[in-house]
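Below is one structure; the comments refer to it alone.
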Amino acid sequence: MPELPEVETTRRGLTPHLVGKHITEVRVRDARLRWPVPDDYAALMRGARIDAIERRAKYLLWHSAAGTSIVHLGMSGSLRVISPEIAPRKHDHIEWQLDSGMVVRLHDPRRFGCVLWAADADSHTLIKNLGPEPLGNEFHGDWLFERSRGRKQAIKTFIMDAKQVVGVGNIYASEALFRAGILPTRAAGRVSRARYEGLAAAIRSVLSDAISAGGTTLRDFLNDSGEPGYFKQSLSVYGRAEEACKVCGQAVRTKVIGQRSSFYCTTCQR
DNA sequence: CGACACACCTGGATGC
DNA sequence: TGCATCCAGGTGTGTC
């Protein structure tokens, strides 16, 4: 169920179990992910010691001396650390055996995720052209303002474009625009510098709030519930069509923008 | 280049 | 209960 906060929560949950450990075996039960798991993936990973797990956009980068495994959870993926005695479930496609005795399993019913290998992750085609991290220093209102000049596309589509800023998914795009008071349909090129400053702050705050909320599930990382970390009750507009706006009471509107459901309040957003 | 539609895939909810 | 339909949190690719 991964938006950026869930991926970051996964990274934090995985780190103590994986960093410093060796991969003793990899079992690929179903290689048919978004791109096939490379034929030599298991051979490349076997024996590797994981030095660090980094998150770039929604990609998890498992760094080792020989190279990096690039893991994406797609729409429906999740990773768990579990005892190997527990039988794999349906859609548990890949399993990494660790020298600690535990296994990491990738569960992904829709198979939109990927598991790849790169000798140098920074130069990989999936990674090299990504925009700034929303929680990093290069991301701010001026960046969005400059990048958006002359653009007619809806601002919601604009902030979901990974070349502008990574990690803003469909839920948090609606939430950030609500916090910033900007209608999602507004042309990106017709938003002022000052309002972009507010939007950048809203994107940062909505994502970091969700990461903090996700943190409460960290202790459950080894359990099999695997529930998403964000709290539905903390969402202001997403998934609340026809319900009362939490600020003004007006019915929350919904509209498809760029083929994605979008939620907003016409009183609070202009 | 920019903007947009489409593709991939399974399963859960809803409606008849 | 069964079956058809719609919808879902991502994002690379192809087309105009």
Side-chain angles (χ1 to χ4, degrees), chain A residues 1-10 29-37 55-60 70-79 89-94 106-116 118 124-131 133-134 144 146-178 184-190 203 206-207 209-211 213-214 217 226-242 254-263:
Chain A
M1 335 282 175
E3 284 242 8
L4 182 141
E6 288 69 50
V7 178
E8 176 61 20
T9 298
T10 297
R29 296 199 167 81
D30 191 343
R32 298 172 304 161
L33 300 185
R34 180 162 191 193
W35 297 281
V37 179
R55 181 188 56 72
R56 179 71 176 98
K58 292 172 192 162
Y59 295 95
L60 288 169
I70 301 174
V71 177
H72 196 287
L73 301 176
M75 291 271 256
S76 58
S78 60
L79 288 165
R89 302 167 294 172
K90 190 179 183 183
H91 304 306
D92 278 354
H93 304 313
I94 303 185
L106 172 72
H107 181 80
D108 186 5
R110 292 176 76 179
R111 293 192 276 115
F112 285 174
C114 68
V115 172
L116 299 170
H124 193 277
T125 48
L126 292 176
I127 306 293
K128 65 182 179 192
N129 294 323
L130 292 171
E133 288 289 328
L144 288 178
E146 301 297 343
R147 306 267 306 178
S148 63
R149 291 310 86 189
R151 291 187 182 255
K152 295 179 173 175
Q153 82 185 137
I155 189 162
K156 175 163 179 275
T157 316
F158 177 73
I159 60 172
M160 290 180 69
D161 178 352
K163 291 192 293 301
Q164 316 308 337
V165 55
V166 301
V168 181
N170 198 39
I171 292 177
Y172 295 111
S174 281
E175 292 296 309
L177 287 164
F178 176 78
T185 47
R186 179 169 290 281
R190 301 197 51 227
I203 288 171
V206 81
L207 291 175
D209 288 355
I211 289 169
T217 64
E227 290 309 306
Y230 56 77
F231 295 160
K232 205 160 196 292
Q233 67 266 27
S234 72
L235 298 176
S236 296
V237 285
Y238 185 85
R240 300 190 64 247
E242 306 308 319
T254 181
K255 175 180 244 178
V256 175
I257 302 169
Q259 352 267 100
R260 312 302 299 260
S261 299
S262 311
F263 300 85

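Naming: A, B, ... by sequence-line order, numbering from 1 per chain. Values below: every heavy atom of this structure, side chains too, minus hydrogens, waters and symmetry copies.
Side-chain contact, A:Ser262 with A:Lys255: no donor N or O sits under 3.5 Å from an acceptor N or O. Between A:Asp108 and A:His93, the side chains place no donor N or O within less than 3.5 Å of an acceptor N or O (distance only, hydrogens not considered).
By the 4.5 Å heavy-atom criterion applied to side chains, A:Glu175 and A:Leu235 are counted as neighbours.
Between A:Met160 atom CE and B:dA3 atom C1' the separation is 15 Å, expressed in whole Å. Atom-to-atom, CG of A:Asp108 to C1' of B:dT10 comes out at 10 Å; the value is rounded to the nearest Å. If you take CG of A:Asn170 and C1' of C:dC7, they are 12 Å apart, rounded to a whole angstrom. Separating the CZ atom of A:Phe158 from the C1' atom of B:dA3 is a distance of 13 Å, rounded to the nearest angstrom. Between the P atom of C:dG10 and the CE atom of A:Met75 lies a distance of 6 Å, rounded to the nearest Å. In this entry the distance linking CD1 of A:Ile171 with P of C:dA8 reads 11 Å, nearest Å. As a whole-Å value, the separation of A:Arg110 CZ from C:dT11 P is 13 Å. Between A:Phe263 atom CZ and C:dC7 atom C1' the separation is 11 Å, expressed in whole Å.
A distance cut-off of 5.5 Å between ring centres, combined with a plane angle under 30°, leaves A:Phe112 outside any stacking arrangement with the base of C:dT11.
Contact annotation: A:Lys58 side-chain N/O to C:dT11 OP1/OP2 distance is under 4.0 Å. Of the side-chain N and O atoms in A:Arg151, one or more sit less than 4.0 angstrom from OP1 or OP2 of B:dG2. Remark: A:Tyr59 is in phosphate contact with C:dG12, judged by side-chain N or O atoms under 4.0 Å from OP1 or OP2. Look at A:His91 and you won't find any side-chain N or O under 4.0 angstrom from OP1 or OP2 of B:dC9. OP1 or OP2 of C:dT11 has not a single side-chain nitrogen or oxygen of A:Lys163 nearer than 4.0 Å.
For C:dC7 and B:dA5, the P atoms lie 16 Å apart once the distance is rounded to whole Å.
At a threshold of 4.0 angstrom between heavy atoms, the contacts of A:Thr157 with the nucleic acid are absent.
Judged by distance alone, the side chain of A:Gln164 and the main-chain N or O of A:Phe158 form no donor-acceptor pair under 3.5 Å.
Not a single donor-acceptor contact under 3.5 angstrom links the side-chain atoms of A:Arg111 to the base of B:dC9. Checked by distance alone, A:Arg34 brings a side-chain donor or acceptor within 3.5 Å of a matching partner on the base of C:dT11.
Toward the 5' end of DNA chain C, the nearer of the two residues A:Gln259 and A:Leu126, judged by each one's closest nucleotide, is A:Gln259.
In the set C:dA8, B:dC8, C:dT11, the nucleotide with an atom closest to the side chain of A:His72 is C:dT11. Here the side chain of A:Tyr238 is nearest to one of C:dG10, C:dA8, B:dA3, namely C:dA8. The listed nucleotides are B:dG11, C:dG10, C:dA8; the one nearest the side chain of A:Arg260 is C:dG10. The side chain of A:Ser261 has C:dA8 as its nearest neighbour among C:dA8, C:dG12, B:dC8.
Within 6.0 Å of the CZ atom in A:Arg29, the count of heavy atoms belonging to other residues, nucleotides or ligands exceeds 12. Around the CD atom of A:Glu242, the shell of radius 6.0 Å holds no more than 12 heavy atoms that belong to other residues, nucleotides or ligands.
Figure legend. B:dC9 is base-paired to no nucleotide; pairs are counted as Watson-Crick or G-U wobble with both atom distances under 3.5 Å.
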